[in-house]
Every structure is written in structure tokens, then in C-alpha cells.
Novice: 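One structure coming up, written as C-alpha cells, with questions to follow.
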Amino acid sequence: MPIRLSSLFLRTLREDPAEAEVESHKLLLRAGYIRRAAPGVYTWLPLGLLVKAKVEAVVREEMNRAGAQEVFFPALLPREPFEATGRWTEYGDNLFRLQDRKKADYLLAPTHEEMFTLLVKDLYSSYKDLPVCLYQIQNKYRDEARPRAGLLRGREFVMKDAYSFDIDDAGLEKSYQSQRDAYERIFTRLGVDYVIVKADAGAMGGSASEEFLSPSPIGEDTFVRSPGGYAANVEAVKTVAPAGIAIEGLPAAVVHPSPNTPTIATLVDLANANVKRADGREWTAADTLKNVVLALTSPEGKRSLVVVGLPGDREVDAKRAEAAFSPNEVEPATEEDFERNPELVKGYIGPVKNGSAVLGLEGSSKIRYLLDPRVVDGTAWITGANEAEKHVFDLVKGRDFGADGIADIAEVRAGDPAPDGSGPLELARGIEIGHVFQLGRKYAEALGLQVLDENGKLVTVTMGSYGVGVTRMVAVLAEANRDDKGLIWPEAASPADVYIVAAGKDDHVYEAAEKLAAEFEAAGKTVMLDDRQKVSPGVKFSDAELIGVPHVVICGKGLENGEVDLWNRRSGERRSVALNSAVAELI
RNA sequence: CGGGAUGUGGCUCAACUUGGUAGAGCACCUGUUUUGGGUACAGGGGGUUGCAGGUUCAAAUCCUGUCAUCCCGACCA
């Protein structure tokens, strides 16, 4: 049966809802696909449900093709498994928690690693059972501090999550590749533009992690890419270290007074006013070495300080710092930290004082000192002299100071070179639509998932996790496929294959349209039919544009000549064809 | 959690500055009209103005508090 507009549960809106800011969100509301139920929580109307089902169908087909088997876990989970992996606490406020009538703790699952791991542990105990890959398409619940843009970041959302279980690393690698290939097929079939970026595996302990990002200005993730095809998450970018410079013949370090230079900008101004450079150019912020004091807190709660020296024209990137020092928490040092370490003279911190090391485990402060990769041997810097109102000039790395190691946590800027030499980096925004991840043994260890190997020995299983945001995909598709009139679905996601507009008031128009609808359905096409007799053609055309089925057939005036019009929603092209060839034209 | 904004029929907004019977468009109902680009006209139903308290003869409007929502940032396996 065709979906008839005369009875479809739908009310399109002429005006943009005030609650929506992002175009795709406005259109999904206006065209009657979704309604807001609570912040970040949405009701799916009939049209929206059809689109969601289409996306799910593509995901399901490709998962099955990749050999994964579908299961379905509850969204309502007991506390214990999450306690076992520490995530009952780790998840913090983002976890929806509740209690049953006996006051037992439950949660609404934000993700299902624990449950999948326990399920495999429950049923399997031999290497002969592996590898196995399971998936589900399920609601997830995360009490996000700030839901955004309708379906883009919701507190309830649908995700396909898959998990692979292998006996060894080689198996994991293979499972990972298989899922990665499936993802490429999924996004290609849905017509989504995507880039695969290297992500930082961080605390999860996995060896490989890649994100599928759909480039979009409304995206929440910043990533970098080069003309030569390099792409990575900002956290994962490795800074290219320049070649070292010969130290012989460099000018000696000299301490200059530098009153009232609490910031890099004031320091550069003073340097230009008082100290001439041998090569005649002006000093810039890039000539200064800024020493940033960070406080690290370990998972056990132990607090320690670390100083990172980086070129003065760069800021520390908080996300890169978190990733680099993971699993420690990172925050700027507080006043108390400075009070406890009187050798750190705020604004005048430097690696050495009067020629002997201050920073570093070997220095007088015993505080770990790490350097940006750009600070290579032979580079000369203006930096703090560890005395109020004094800076040292021409302090040379490898001659005058050293460090305990490297910290690659400075911000990445457009124009920085790609690590693989593929050209200058460009910064772009993207929406994360998929994530493939070699989890390793973290969850298997925490939950005791072991199997016997061929020698009868217990070994811990290694896992991969693979996610696709299904409801987010609907938003991404809407955002990427629209114009000022409305949505334009790609065929793989459209609520119907064909949209027939019956334009006219005579009954025979509606009869012909019904007959045409039946013919399309007989040919295996799904059909929406605007059979509203008392609605003017203008309204019908506007609704057709708003709803966004890509292929529209206008059944009306042309019938006098035995013709209907085929209207391509995307190109706007309309052409008349014989009524009895319309079906053949669109197949 | 920090910053900004907004709460008035189902939706989009006006009235608030300067207190005095709550209004328009869209949507909905009835009738006539119109049928290849949101027809036109007439009539109609629907709001204790987020909530609580205060000032006042009188509060959507002024004051205090509170709750909620949206946007930016922080956060986001």
C-alpha cells in the first residue's frame, strides 16, 4: 500500500521552529520526521522512522556480510558489570542511573562492552569458538551536559555497536580490517562523504583506533588533513621535528633584565626594544621558549607537576595534553602548586639558572621537564632565567639545557607540515559517524574472559569495538542533502522510492495516480502518494520539496495527453513522459 | 560547570520601555471560492502570559526568588 498523504500522521510546518539552529534539524522538524520530547530526546514520526529503518537496513546488511551476528541486549542494565570495569564511577554524571523497588542500582546503558564480553564468557570457552563478531542496533543513553542540534548529539540515540573476539593479535587485526571494510561499504552506500582519521587510542590501551568523520562545518570534532591524503584527529597528530643545528659558533647565552614582562607579547616587545639580533630580523614569539607548568593527577589520585617547554607562539592544546598524559588528568598548575615549589618564578620560569639546571629530574627542582619536538639541539631561545624580571637570551638546546623527554602537546595550526610529508595541514570540522577500535584485552581482563588454547592453556581474549551512530547518521544525511526548499534524501535513505503528486481536482486524476502507485509497487518500489483532494497544487509541491523524496511524479494536467511529469528533486529537472512508460523510466 | 539569550493559544511572534478588557500570521473547524507553485472571502473554537511570592485599586508588563529551554565554551568510551 502506498503511504497516502491524506491519512499520513504528518503536519508540515511553514515556519522554522525556534528550538532549532542547525538547518538539518529545522528541516527534520518542519518536514515532520521528528519531534522533541525532552532535551536531546526525540520522538520518531512515521516518516522519520522510515528513514531510520533504511539506515539500519544498510548497516545490518553490511554487518551480516562481514560475518557479524546480530543480538539484542537490554538498555536497562544492572550495576555489577559496570562496577567490575570501574565504569560505574568513571562515567560520572554522564550515566543515567536508577534504582528498582528493592533499591538495587541500575543504569541505562551508555555502551555495551561489558555485556558483550560477559555474554561471550557465558557461552564460549575454547579457542575453537573464535573468532566471533557480535553486534546490535540499540538505544544508548548518555546524560550529555549539552545535547546539540537535534539528532546530532542526543541523550538517547541509536547506535550499531559490534565487538570482535579473537584469540590473538593477528586475529584481532583481521577482524578489525573486516569491520573497517564494512564501514566503508556502509558509508558509500548511504552516499556520505567521509574521511578516516587516525584517532588516539589513549587510555583504552588499544593499538589502533580510527574514526570515520563526515566533513561538515557543524561538526564537533576538529581534524587535520593534507593535500596528500593524510588525515588525523588533532590529538593524534605527530609534530615533525626539524633537523638539529650545529652548535659550534652559536653566540653564548646572556641574561638580560626584563621588568614587567609577564606575557610572551610583552617579552617580545622588550626584546625588540633592547636587544638587537645579529641577523637583523625582529624577535617574534616563536623565538621564545614558554615553560608551562601542568599538574597531573593519576587515576590513584596522586598529583605531580610537569613543566613543558614549547615555542612561545604556541598554546598547549588541552585535548592533546590529555591524550599525551593519559590516563592522568591534566590541569594548569594552581597558585598552591607554585607556593609549594618556590623555585618556579611565575613568568620567569626557565630550564637553567646561572648555568645550572633547574627544571628536570636532574635539576635542582626535581620537576620533570619535557620539550616540544620543535625544540631540537642547536636551537636558541629567549626564556626565563628563574629570577624575577630576568630572561636569558641565546639559550641553546643541547649546549645550555636539556630535558627529560618530549611532550607533543602544542596546538596544531593550519599550515603545519603533515607527519608523513604529504604537505601542509588544513584544519577542518567533522561529525563522527563511525569508530573502529582495537580494544585489546582491557575488558576481557576486567571481566575474566578467557578461553583454552590448543595447548589447554587459559588465554585472555582480545577484542575490537566498532560503532556507527545510526540516528546521528540521519542528521548527517539531512545536513548534507538539502536545499533552501527542503530535504533531498539519497535513494538509500529516502522514506519512499517514488513520490506521486496528484495535482488537480477531477476524480480521474486521483484514479490515475492510484493506478500509477499500484504499478510502481508491483515493480517493487515504495510509494508516497499525495492524494489530498482539497489541497492546492502549490501546497503539494511545497510539501514534496520539504519531505525530499528524490523522485517525484506529477500526475495532473498532462493526463489529457496521456502524460505525467517526472521531477528530479535534486536537479530540479522536470520532463513529460507517457503515463504508461513512467514506471519503466524510474526503474 | 562558566558566559549569553528566551519563556505569551499547537507553531512563529507582537503587546512589557511608560501597569489599565491579551493580539496578529500560520495551523485547526464551518461555508463559499480556487486546483500546475503555500488561492480568496466570511464566520468560529482555542491562552488563569513557565512557576511561586511581593508591590499596587489594578501585573504579561514593576520587584524578588525559582524552574525550564536554546546558543557559545568546558565536558563527551
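In the text below, chain A, chain B and the rest are named by the order of the sequence lines, each starting its count at 1. In what follows, every heavy atom counts, from backbone to side chain, and hydrogens, waters and symmetry copies are set aside.
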Novice: Can a side-chain donor-acceptor contact be found between Y141(A) and D143(A) if the only test is distance below 3.5 angstrom?
Specialist: no
Novice: Please state the P separation for the pair A52(B) and U8(B) - nearest whole angstrom.
Specialist: 16 Å
Novice: Pairs in or reaching into residues 505-514 of chain A: which pass salt bridge (Lys or Arg N to Asp or Glu O under 4.0 Å), with residues at least two apart or in two chains?
Specialist: R4(A)-E514(A)
Novice: Please report the distance separating the C1' of U55(B) from the corresponding atom of U12(B), rounded so that it comes out in whole Å.
Specialist: 34 Å
Novice: If you look only at distance, which donor and acceptor atoms sit under 3.5 Å apart when one is on a side chain in residues 7-19 of chain A and the other is two or more places apart or in another chain?
Specialist:
| unit_1 | atom_1 | unit_2 | atom_2 | d |
| --- | --- | --- | --- | --- |
| T12(A) | OG1 | D543(A) | OD1 | 2.9 |

Novice: Which one, C72(B), C70(B), U39(B), comes nearest to the side chain of R36(A)?
Specialist: C70(B)
Novice: Within the structure shown, what part of the strands sits under 4.0 Å from G558(A) by heavy-atom distance: base, sugar-phosphate, or nothing?
Specialist: base
Novice: Provide the full list of ring-ring contact (aromatic ring centres under 6.0 Å, His included) pairs with a residue in residues 18-40 of chain A, sequence neighbours left out, each pair given once.
Specialist: H25(A)-Y42(A), Y33(A)-W489(A)
Novice: If a pair means Watson-Crick or G-U wobble with both distances below 3.5 Å, what does RNA chain B look like in dot-bracket form, with | marking bases paired to a different strand?
Specialist: (((((((..((((......[..)))).(((((.......))))).....(((((..]....))))))))))))....
Novice: Once you round it to whole Å, what is the distance between P of G36(B) and CG of N561(A)?
Specialist: 15 Å
Novice: Take atom CD of E545(A) and atom P of G36(B), then tell me their distance rounded to the nearest Å.
Specialist: 16 Å
Novice: Got a sec: does the CG of D93(A) have more than 12 other heavy atoms crowding it under 6.0 Å?
Specialist: no
Novice: Please report the distance, rounded to the nearest Å, between NE2 in H508(A) and C1' in U35(B).
Specialist: 12 Å
Novice: Pick base, sugar-phosphate or nothing for V535(A), based on heavy-atom distances below 4.0 Å to the nucleic acid.
Specialist: base
Novice: Please determine, for the side chain of R30(A), which listed nucleotide (G38(B), C70(B), A77(B)) has the closest atom?
Specialist: G38(B)
Novice: Using the C1' atom as the point on both nucleotides, what is the distance between G9(B) and G47(B), in whole Å?
Specialist: 4 Å
Novice: With a 3.5 Å distance limit and no angle check, can you tell me whether S178(A) reaches the backbone of K174(A) through a side-chain donor-acceptor pair?
Specialist: no
Novice: Can you tell me which residue pairs pass the ring-ring contact (aromatic ring centres under 6.0 Å, His included) test with a partner in residues 500-520 of chain A, sequence neighbours excluded?
Specialist: none
Novice: Take R575(A) and E585(A) through the test salt bridge (charged side-chain N to carboxylate O under 4.0 Å, His left out) and record every step on the way to the result.
Specialist: CA-CA 11 Å; R575(A) 62 194 172 93; E585(A) 290 274 354; 3.0 Å; yes
Novice: K540(A) has an atom NZ; how far is it from atom P of U35(B), in whole Å?
Specialist: 13 Å
Novice: Please determine, by modelled atom types, if R87(A) and Y443(A) share a side-chain donor-acceptor pair under 3.5 angstrom.
Specialist: yes
Novice: On a whole-Å scale, what distance lies between the C1' atoms belonging to C41(B) and U48(B)?
Specialist: 34 Å
Novice: Is R146(A) near enough to C72(B) that one of its side-chain N or O atoms lies under 4.0 angstrom from OP1 or OP2?
Specialist: yes
Novice: Could you tell me whether the side chain of D531(A) and the main chain of S6(A) form a donor-acceptor pair under 3.5 Å?
Specialist: yes
Novice: Test salt bridge (charged side-chain N to carboxylate O under 4.0 Å, His left out) on D161(A) and K140(A) and set out the steps.
Specialist: CA-CA 10 Å; D161(A) 49 331; K140(A) 305 290 183 203; 2.9 Å; yes
Novice: Taking the C1' atom in each of G19(B) and A58(B), what is the distance between them to the nearest angstrom?
Specialist: 8 Å
Novice: Taking only the C1' atom of each, what is the distance from C11(B) to G46(B) in whole angstrom?
Specialist: 14 Å
Novice: Report yes or no: is there a donor-acceptor pair, N or O only, under 3.5 Å between the side chain of R142(A) and the base of A77(B)?
Specialist: yes
Novice: Tell me whether the count of non-hydrogen atoms from other residues, nucleotides or ligands lying under 6.0 Å of CD in E560(A) goes above 12.
Specialist: no
Novice: What's A149(A) touching, base or sugar-phosphate or nothing? Going by heavy atoms closer than 4.0 Å.
Specialist: sugar-phosphate
Novice: Heavy-atom count around Q69(A) CD within 6.0 Å, excluding the residue itself: above 12?
Specialist: no
Novice: Does D506(A) reach a base, just sugar-phosphate, or nothing at all? Heavy atoms under 4.0 Å.
Specialist: nothing
Novice: Rounded to whole angstroms, how far apart are CZ on F116(A) and C1' on A77(B)?
Specialist: 14 Å
Novice: By a strict heavy-atom criterion of less than 4.0 Å, which residues belonging to residues 153-163 of chain A are in contact with RNA chain B?
Specialist: R153(A), M159(A)
Novice: Please pick, from C70(B), C76(B), U35(B), the nucleotide with the shortest atom-to-atom distance to any side-chain atom of E144(A).
Specialist: C76(B)
Novice: Could you check whether R441(A) pairs with E445(A) (Lys NZ or Arg NE/NH1/NH2 to Asp/Glu carboxylate O, under 4.0 Å)?
Specialist: no
Novice: Could you go over nucleotides 27-34 of chain B and give all protein N or O partners under 3.5 Å, atom names and distances?
Specialist:
| unit_1 | atom_1 | unit_2 | atom_2 | d |
| --- | --- | --- | --- | --- |
| A27(B) | OP1 | R14(A) | NH2 | 3.4 |

Novice: Who passes ring-ring contact (aromatic ring centres under 6.0 Å, His included) against W567(A), sequence neighbours left out?
Specialist: F541(A)
Novice: Could you give the CG-to-P distance, from D221(A) to A74(B), as a whole number of Å?
Specialist: 12 Å
Novice: Do any of residues 462-476 of chain A sit with a heavy atom less than 4.0 Å from RNA chain B, and if so which?
Specialist: none
Novice: Could you work out, with salt bridge (charged side-chain N to carboxylate O under 4.0 Å, His left out) as the rule, every residue matching R413(A), not counting sequence neighbours?
Specialist: D313(A), E411(A)
Novice: For D565(A) and for V539(A), locate the closest nucleotide of RNA chain B by heavy-atom distance; then report the residue assigned to the nucleotide nearer the 5' terminus.
Specialist: D565(A)
Novice: Would you say the ring centers of F165(A) and F116(A) fall short of 6.0 Å from each other?
Specialist: no
Novice: From C-beta outward on I554(A), which listed nucleotide comes closest to its side chain: C71(B), A77(B), G36(B)?
Specialist: G36(B)
Novice: Closer to the 5' end of RNA chain B via nearest nucleotide, is it G150(A) or L546(A)?
Specialist: L546(A)
Novice: Could you tell me how far A14(B) sits from U33(B) if I compare only their C1' atoms? Round to whole Å.
Specialist: 31 Å
Novice: What residues, two or more places apart in sequence or in another chain, satisfy ring-ring contact (aromatic ring centres under 6.0 Å, His included) together with H551(A)?
Specialist: none
Novice: Produce the list of close N/O pairs, under 3.5 Å, pairing protein atoms with atoms of nucleotides 7-15 of chain B; give distances to one decimal.
Specialist:
| unit_1 | atom_1 | unit_2 | atom_2 | d |
| --- | --- | --- | --- | --- |
| U12(B) | OP1 | A18(A) | N | 2.9 |

Novice: Take atom CD of E220(A) and atom C1' of C72(B), then tell me their distance rounded to the nearest Å.
Specialist: 12 Å
Novice: Output the rounded distance in Å from NE2 (H435(A)) to C1' (A77(B)).
Specialist: 9 Å
Novice: Give the nucleotide from the list A74(B), G36(B), A77(B) with an atom nearest to the side chain of A145(A).
Specialist: A74(B)
Novice: Ring centroid separation for F212(A) and F187(A), is it under 6.0 angstrom?
Specialist: yes
Novice: With rounding to the closest Å, how many angstrom separate the C1' atoms on A27(B) and G44(B)?
Specialist: 14 Å
